[in-house]
Trainee: 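I'd like to ask some things about the structure below.
We number each residue from 1, following the sequence as shown. Computed from a prediction, not measured in an experiment: that's the story for all the values here.
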Amino acid sequence: MPAERPRLVFVGWVLFAACSQLLLFVVPALEAVAFHLVWISMSIVYGVQSWSPRRTAVVLAVVTLVTGTTLSEFVAEGTPAGTNSPRCR
């Protein structure tokens, strides 16, 4: 595998994960789908590439914080996304 390919795969995954999180704000009813897409795709990329322990820890921390913060906002609203959420109006 050329040296650039692993980098492109990781950058592509970061863009995909960012778009999935953006999807939560555009279509909040898809919160579970976007959440699982990020975690499943991260697992696939991790399985295909060999990450250093440092990169693994940083990626896990960032993904946990971003997805956790986003979903915490839905919980704080007290209503399931896609029903009476102010974002859906």
Side-chain angles (χ1 to χ4, degrees):
M1 193 185 293
E4 279 298 308
R5 189 171 291 168
R7 180 179 171 92
L8 289 175
V9 170
F10 183 73
V11 170
W13 173 77
V14 169
L15 292 172
F16 174 78
C19 289
S20 293
Q21 287 302 300
L22 183 61
L23 181 67
L24 287 176
F25 293 104
V26 177
V27 186
L30 296 178
E31 65 188 20
V33 174
F35 174 84
H36 286 95
L37 285 175
V38 170
W39 281 97
I40 291 169
S41 63
M42 183 191 70
S43 300
I44 292 169
V45 172
Y46 177 79
V48 172
Q49 297 181 338
S50 57
W51 290 354
S52 67
R54 181 177 181 207
R55 176 182 265 189
T56 303
V58 169
V59 169
L60 283 173
V62 169
V63 169
T64 300
L65 288 172
V66 171
T67 58
T69 301
T70 306
L71 292 177
S72 294
E73 290 179 19
F74 291 121
V75 172
E77 289 175 1
T79 57
T83 56
N84 295 326
S85 175
R87 291 185 186 163
C88 294
R89 295 182 189 159

Trainee: From the options Val63, Thr67, Thr69, select the one residue that forms a side-chain contact (heavy atoms from CB on, under 4.5 Å) with Gln21.
Mentor: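 Only one of Val63, Thr67, Thr69 forms a side-chain contact (heavy atoms from CB on, under 4.5 Å) with Gln21, namely Thr67.
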Trainee: Could you pull out all residues at least two apart from Thr56 that satisfy side chain to side chain donor-acceptor pair (under 3.5 Å)?
Mentor: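 Partners of Thr56 under the side chain to side chain donor-acceptor pair (under 3.5 Å) test: none.
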Trainee: Side-chain heavy atoms nearer than 4.5 Å, only ILVMFWY residues, links allowed to pass through others: does that put Leu24 and Val14 together?
Mentor: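 Hydrophobic grouping puts Leu24 with Val14.
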Trainee: Give the table of side-chain donor-acceptor pairs shorter than 3.5 Å for residues 33-45, with sequence neighbours excluded, one pair per line with atom names and distance.
Mentor:
residue: His36; atom: ND1; partner: Ala32; partner atom: O; Å: 2.7
residue: Ser41; atom: OG; partner: Trp13; partner atom: NE1; Å: 2.8
residue: Ser41; atom: OG; partner: Leu37; partner atom: O; Å: 2.7
residue: Ser41; atom: OG; partner: Val38; partner atom: O; Å: 3.0
residue: Ser43; atom: OG; partner: Trp39; partner atom: O; Å: 3.0

Trainee: Which heavy-atom pair separates Arg7 from Gln49 by the least distance, and what is that distance?
Mentor: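 It is N-NE2, 4.5 Å.
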Trainee: Quick check on the hydrophobic clustering: are Val58 and Val66 connected, directly or via other members, by side-chain heavy-atom contacts under 4.5 Å?
Mentor: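 Yes, one cluster joins them.
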Trainee: Please check if atom CZ in Phe10 has more than 12 non-hydrogen atoms from other residues, nucleotides or ligands closer than 6.0 Å.
Mentor: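 For Phe10, atom CZ is crowded (more than 12 foreign heavy atoms under 6.0 Å).
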Trainee: Is the shortest side-chain heavy-atom distance between Val48 and Val9 below 4.5 Å?
Mentor: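 No, their side chains stay 4.5 Å or more apart.
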Trainee: Tell me whether Val27 is reachable from Phe16 by hopping between hydrophobic residues (I, L, V, M, F, W, Y) whose side-chain heavy atoms are closer than 4.5 Å.
Mentor: yes
